[in-house]
Amino acid sequence: MKTPANFPSPGHTMEQQSGDIAEAFSRTAGKYDRFAEDHPNLARMRGKVYTHLLRYLKPGARLLELNAGTGTDAIYLAQQGFTVHSTDIAAGMLSLLHQKIERLGLGDRLTVQECSFTELDGVQGGPFEAVFSNLGGLNCIPDLRLVTRQIPGLLRPGGLITVVLMPPICPWELVYAFTGNFRFAFRRLSRGGTPTHLEGIYFKTYYFTPREVIAAFGPAFSTLAVEGLSVFAPPAESKNLAWRRPRLYRTLCKLDDHLAQRAPFCGWGDFFILSMRYKPLTAMKTRTETADKH
C-alpha cells in the first residue's frame, strides 16, 4: 500500500506526533460524543471499566485522569462523589468538557487542564489517590515509560493506577484473516506501530501486552487485577450487533463476564484493564532494614 503523503516520516518526533494527535482528536470531538449516543455496547464496556475501578477506589478519592477526551468518564466519576482532575492534549475535546461541567454544575468536583501525558510534571493539584486512563489513550506512544516514570510523583503511597489499553491479540480482528483481509487481521502485531487515520491526519498506534505494561511501571507497582474487555463480546466500534442480534450479543457478553479475568483471556480483547498499587521502594526498603535490625 502506498504511504499517504501526510503520513509521519521515520524522523517524525514525539512532539510532532503529539501535535498531530491533538489536532486529529480536536477535529473529531463532536463526532466522538455523537458516536457514543445510543450505543449499548460502548456503554457496557464503560460499565465494566467502572465496576473494575470502583473495586479499588475509596469513597471521595481524588483522581487524576489522563486522556480525558470529552469527559464521559470524568463526569461519571464526579457524579459518584469523586474529585477528578482531567487532562488531555486535545483542546477541542476539552472545550466540550468545559461546557459539560458548566451545564451540569460540577465545577466543585471536576477540574480540567490541557496537558500531555508525557509532560505530567506540570499537572496541578497532586498528589492523588488514583491515576486513571481509559480506552486506549496511552496506545498513542511507542514507549510507555514516557508516562510511567512520571506516575510516582503524582500518586500518594498506596495509590491506585488503572489503565485500559489495547493489546496485540483481539479475536474479533483476527477472524478477518478468514476473509482474506490479513492486513486488518494482524495489524496489532506490528512491533513498529500501526498506521492510524483520523480526520485526515495520520499517526501511529502501538499495542501492549499486560506484561509489557507491568514492566514499564516497575517494581514499585504491584498488580491487583488484569481483565480482558470485549474478548468475545464485540469491540467498541460495533454499534449495531446489540440491536440486530440481541440473543447472540447477550451470549457473547456472558462469555466475557465468565472468562475475561482468566488467563489467557485477561490479556486479550479490544482492550484490557490493568490495576496496580503504588508502594514506594524507599518505604519498602526502610521496613526491610528495620526488620533486619530486630
Side-chain angles (χ1 to χ4, degrees), residues 4 6-9 12-37 39 42 46 49 62-79 82-126 128 130-144 146-148 150-151 153-154 163-166 193 195-206 236-237:
N6 57 345
F7 186 75
S9 66
H12 208 61
T13 67
M14 191 66 232
E15 183 178 356
Q16 290 170 319
Q17 162 113 340
S18 295
D20 290 343
I21 292 169
E23 178 61 23
F25 280 94
S26 287
R27 291 182 186 181
T28 200
K31 295 178 183 178
Y32 185 87
D33 274 356
R34 288 193 295 273
F35 178 74
E37 294 173 359
H39 194 328
L42 185 56
R46 287 191 185 276
V49 173
R62 296 174 64 250
L63 285 75
L64 170 65
E65 183 184 17
L66 311 182
N67 54 273
T70 61
T72 300
D73 302 318
I75 288 169
Y76 172 83
L77 292 168
Q79 290 175 333
F82 299 101
T83 301
V84 185
H85 185 60
S86 292
T87 62
D88 201 288
I89 198 174
M93 291 278 193
L94 295 182
S95 176
L96 293 183
L97 175 50
H98 278 295
Q99 295 174 29
K100 294 175 183 179
I101 292 171
E102 184 175 353
R103 185 173 70 250
L104 297 170
L106 292 173
D108 61 332
R109 290 194 173 275
L110 179 49
T111 53
V112 178
Q113 182 180 354
E114 186 175 335
C115 177
S116 169
F117 48 54
T118 60
E119 299 175 347
L120 296 176
D121 54 340
V123 164
Q124 303 160 0
F128 301 88
V131 177
F132 173 57
S133 174
N134 200 9
L135 296 182
L138 295 180
N139 287 96
C140 294
I141 53 175
D143 186 353
L144 286 173
L146 295 171
V147 178
T148 61
Q150 303 176 79
I151 300 300
L154 298 167
V163 293
V164 183
L165 289 162
M166 293 182 284
T196 302
H197 171 256
L198 182 64
E199 297 293 335
I201 296 175
Y202 290 82
F203 53 91
K204 281 192 173 184
T205 300
Y206 303 87
E237 290 297 317

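- In this structure, the side chain of Thr83 does not engage the main chain of Arg109 through any donor-acceptor pair within 3.5 Å.
- Smallest separation of non-hydrogen atoms from Asn139 and Met166: OD1-N, 2.9 Å.
- Within the model, atoms NE2 of His98 and CD of Glu102 stand 10.5 Å from one another, a figure rounded to the nearest 0.5 Å.
- Here the closest non-hydrogen pair linking Thr70 and Ala29 is CG2-O, 4.0 Å.
- Within the 3.5 Å criterion, the main-chain N or O of Phe132 finds no donor-acceptor partner in the side chain of Glu65.
- Proximity of a side-chain donor or acceptor of Asn67 to a complementary backbone N or O of Asn134 within less than 3.5 Å is detected.
- Judged by distance alone, the side chain of Asp88 and the main-chain N or O of Leu94 form no donor-acceptor pair under 3.5 Å.
- The closest donor-acceptor contact from the side chain of Ser26 to the backbone of Ala22 lies under 3.5 Å.
- A donor-acceptor pair under 3.5 Å links the side-chain atoms of Gln113 to the main chain of Gln124, judged by distance alone.
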- Task: Evaluate side chain to side chain contact (heavy atoms under 4.5 Å, CB included) for Leu135 paired with Leu165, printing each intermediate quantity in order.
- Result: CA-CA 6 Å; Leu135 296 182; Leu165 289 162; over 6 Å; no
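- Of all heavy-atom pairs between Ser86 and Leu97, the closest is CB-CD2, 4.0 Å.
- For the pair Val123/Leu154, a side-chain contact is recorded, criterion being any heavy-atom separation below 4.5 Å from C-beta on.
- Of all heavy-atom pairs spanning Leu104 and Gln79, the tightest one is CD1-NE2, 4.2 Å.
- Going from atom OG1 of Thr87 over to atom CG of Leu66 covers 4.5 Å, rounded to the nearest 0.5 Å.
- Contact record, Ala36 with Leu42: CB-CD2, 3.9 Å, taken as the closest heavy-atom pair.
- Within the 4.5 Å cutoff, side-chain heavy atoms of Ile141 are placed close to those of Phe117.
- Note that CZ of Phe203 is 5.5 Å distant from SG of Cys140, once rounded to the nearest 0.5 Å.
- Residues Leu63 and Val131 are not in side-chain contact: their nearest non-hydrogen atoms beyond the backbone lie 4.5 Å or more apart.
- Checked by atom type and distance alone, the side chain of Glu23 never pairs as donor or acceptor with a backbone atom of Ser18 at under 3.5 Å.
- Looking at Glu119, its side chain never comes within 3.5 Å of a backbone N or O of Cys115 through a donor-acceptor pair.
- Residues Lys204 and Asp20 are not paired through a salt bridge, judged by the lack of any N-O separation under 4.0 Å between the basic side chain and the carboxylate.
- Remark: side-chain polar atoms of His39 are paired, donor with acceptor, to backbone N or O of Ala236 under 3.5 angstrom.
- Contact of the Glu237 side chain with the Phe35 side chain is registered, since non-hydrogen atoms from C-beta on lie closer than 4.5 Å.
- Arg62 places a side-chain N or O within donor-acceptor distance of the main-chain N or O of Gly125, the cut-off being under 3.5 Å.
- Looking only at side-chain heavy atoms (C-beta outward), Arg46 and Val49 stay at 4.5 Å or farther from each other.
- Ring geometry for Phe128 versus His85: interplanar angle under 30°, hence parallel rather than tilted (30 to 60°).
- Here the shortest heavy-atom pairing between Ala90 and Phe25 reads CB-CB, 3.9 Å.
- Rounding to the nearest 0.5 Å gives a distance of 10.0 Å between CD1 of Ile201 and CD1 of Ile21.
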